[in-house]
Amino acid sequence: MNLFNRGTPFRRADRTEPAAVTQPPTGSSATATAVLPDPGLAALTGEWAIDPAHSRIGFSVRHAMVTTVRGAFLEYQSRLYFDGRDPSRSKAEIVISTGSVDTGVEQRDGHLVGRDFLDAATYPRMRFVSTAVESVGPDVYRMSGDLTIKATTRPVVLELTYIGHVTDPFGYQRAGFDGTTTINRSEWGLTYSTRLAEGGAMVSEKVRLQFDIAAIRTPPAG
């Protein structure tokens with residue numbers, strides 16, 4: 001499924017709304033026709049809202065070469081739009097509060113929001129804005145976009161899997177998808193590089209970002 005468009009307030013505090021999402025890219029005709037969209041998805045075209053109670057924007061990174069630390073960001077805003085007729089017109093914007101990182105260990109969270117990593121006091125937001133979407137297989141999509149962390153913007157590509165959609169007992173339409181990408185944190189200025197006695201890195205430069213999203217259809221205005 002290709003994404004949605006809806007502003008969602010930060011989960012734990014009122015924040016300033018991000019700038020409006022630009023018009024969705026039209027994409028090339030080759031991209032739009034490379035994989036024909038499922039005709040059944042056309043009825044889902046429109047605006048959706050991320051359901052924070054059933055969604056997770058997280059990450060995982062190798063620690064001390066032998067373990068994996070997992071965490072999530074608890075405060076974010078999103079603007080999402082899904083076009084089931086023409087996947088290339090779908091779009092997404094997610095703005096995340098860097099200070100909301102949560103790994104379950106207070107001391108580690110404090111280090112992550114400090115100057116060695118996210119420097120949340122100086123850079124309170126990180127942002128992803130899509131630039132193109134293409135179908136690459138049944139229920140599989142590729143979303144290109146710009147990721148901004150600490151005032152550095154670089155391109156990334158999300159691999160997305162559409163999970164499905166249902167109507168819940170309260171009459172709301174729900175849809176789900178998983179998205180992942182792996183980045184090199186040093187390319188965004190997160191250059192903390194303490195080394196182990198054996199010569200390896202205390203914290204890997206490779207970070208896997210994970211978007212486990214449940215969305216609710218937004219009724220048309222009026």
Side-chain angles (χ1 to χ4, degrees), residues 3 8 10-13 15-22 25 50 55-80 91-133 142-160 178-213:
L3 305 195
T8 303
F10 282 119
R11 294 175 59 181
R12 295 193 305 189
R15 306 287 183 180
T16 301
E17 289 290 329
V21 178
T22 55
I50 290 179
S55 302
R56 180 178 183 272
I57 297 178
F59 62 89
S60 59
V61 61
R62 188 74 69 185
H63 178 262
M65 300 178 64
V66 295
T67 60
T68 299
V69 170
R70 295 176 174 83
F73 294 95
L74 303 183
E75 300 177 8
Y76 51 85
Q77 294 173 314
S78 66
R79 299 180 184 273
L80 310 170
K91 59 185 179 178
E93 177 180 357
I94 300 177
V95 179
I96 298 170
S97 170
T98 53
S100 71
V101 66
D102 181 10
T103 66
V105 178
E106 185 176 355
Q107 183 177 2
R108 180 165 60 209
D109 294 346
H111 191 194
L112 290 175
V113 301
R115 297 183 65 181
D116 283 341
F117 288 99
L118 295 169
D119 193 2
T122 305
Y123 306 100
R125 305 282 186 268
M126 53 191 285
R127 181 187 187 198
F128 171 81
V129 180
S130 65
T131 55
V133 179
R142 182 172 295 130
M143 174 174 279
S144 302
D146 292 327
L147 177 64
T148 301
I149 304 175
K150 295 179 72 172
T152 297
T153 300
R154 296 182 60 85
V156 297
V157 178
L158 299 181
E159 299 295 332
L160 300 170
D178 292 334
T180 63
T181 190
T182 299
I183 66 171
N184 184 324
R185 61 181 174 85
S186 65
E187 294 180 348
W188 280 268
L190 283 69
T191 56
Y192 177 78
S193 59
T194 295
R195 311 295 293 181
L196 299 169
E198 293 80 1
M202 176 66 75
V203 181
S204 173
E205 289 195 354
K206 292 184 178 181
V207 180
R208 184 169 181 260
L209 304 180
Q210 302 150 323
F211 300 84
D212 303 323
I213 300 301

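Just so you know, residue 1 is the first one in the sequence shown, and it goes up from there. Keep in mind that the numbers below use all heavy atoms, side chains included, and drop hydrogens, waters and symmetry copies.
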query: What do you reckon, is CZ of Arg115 surrounded by more than 12 foreign heavy atoms closer than 6.0 Å?
result: no
Quick one: side chain to side chain donor-acceptor pair (under 3.5 Å) partners of [X], sequence neighbours excluded?
| X | result |
| --- | --- |
| Asp212 | none |
| Tyr123 | none |
| Arg208 | none |

- request: Using the side-chain contact (heavy atoms from CB on, under 4.5 Å) rule, take Phe73 and Leu118 through it: C-alpha gap first, then chi angles, then the decisive distance, then the call.
  value: CA-CA 12 Å; Phe73 294 95; Leu118 295 169; 4.0 Å; yes
Can you tell me how far [atom2] of [Y] sits from [atom1] of [X], rounded to the nearest 0.5 angstrom?
| X | Y | atom1 | atom2 | result |
| --- | --- | --- | --- | --- |
| Ile183 | Leu209 | CD1 | CG | 4.5 Å |
| Ile96 | Ile57 | CD1 | CD1 | 4.5 Å |
| Trp188 | Met126 | CH2 | CE | 9.5 Å |

Please identify each residue that fulfils side-chain contact (heavy atoms from CB on, under 4.5 Å) with [X], with sequence neighbours left out.
| X | result |
| --- | --- |
| Val61 | Val69, Val203, Ser204, Val207 |
| Ser186 | Asn184, Thr191, Glu205 |
| Thr68 | Ser60, Arg62, Arg70 |

Under 3.5 Å, sequence neighbours excluded: what are the donor-acceptor pairs made by side chains of residues 149-160?
from   : atom 1 : to     : atom 2 : distance (Å)
Lys150 : NZ     : Phe117 : O      : 3.1
Lys150 : NZ     : Gly189 : O      : 3.3
Thr153 : OG1    : Thr148 : OG1    : 2.6
Arg154 : NE     : Glu187 : OE1    : 3.3
Glu159 : OE2    : Arg142 : NE     : 3.0

- line: Here the pair of heavy atoms bringing Phe59 nearest to Ala72 is CE2-N, 3.7 Å
Does [Y] offer a backbone N or O that forms a donor-acceptor pair with the side chain of [X] under 3.5 Å?
| X | Y | value |
| --- | --- | --- |
| Arg185 | Tyr192 | yes |
| Ser144 | Thr131 | no |
| Arg125 | Tyr76 | no |

- prompt: Do the side chains of Asp102 and Asp109 get nearer than 4.5 Å, heavy atoms only?
  reply: yes
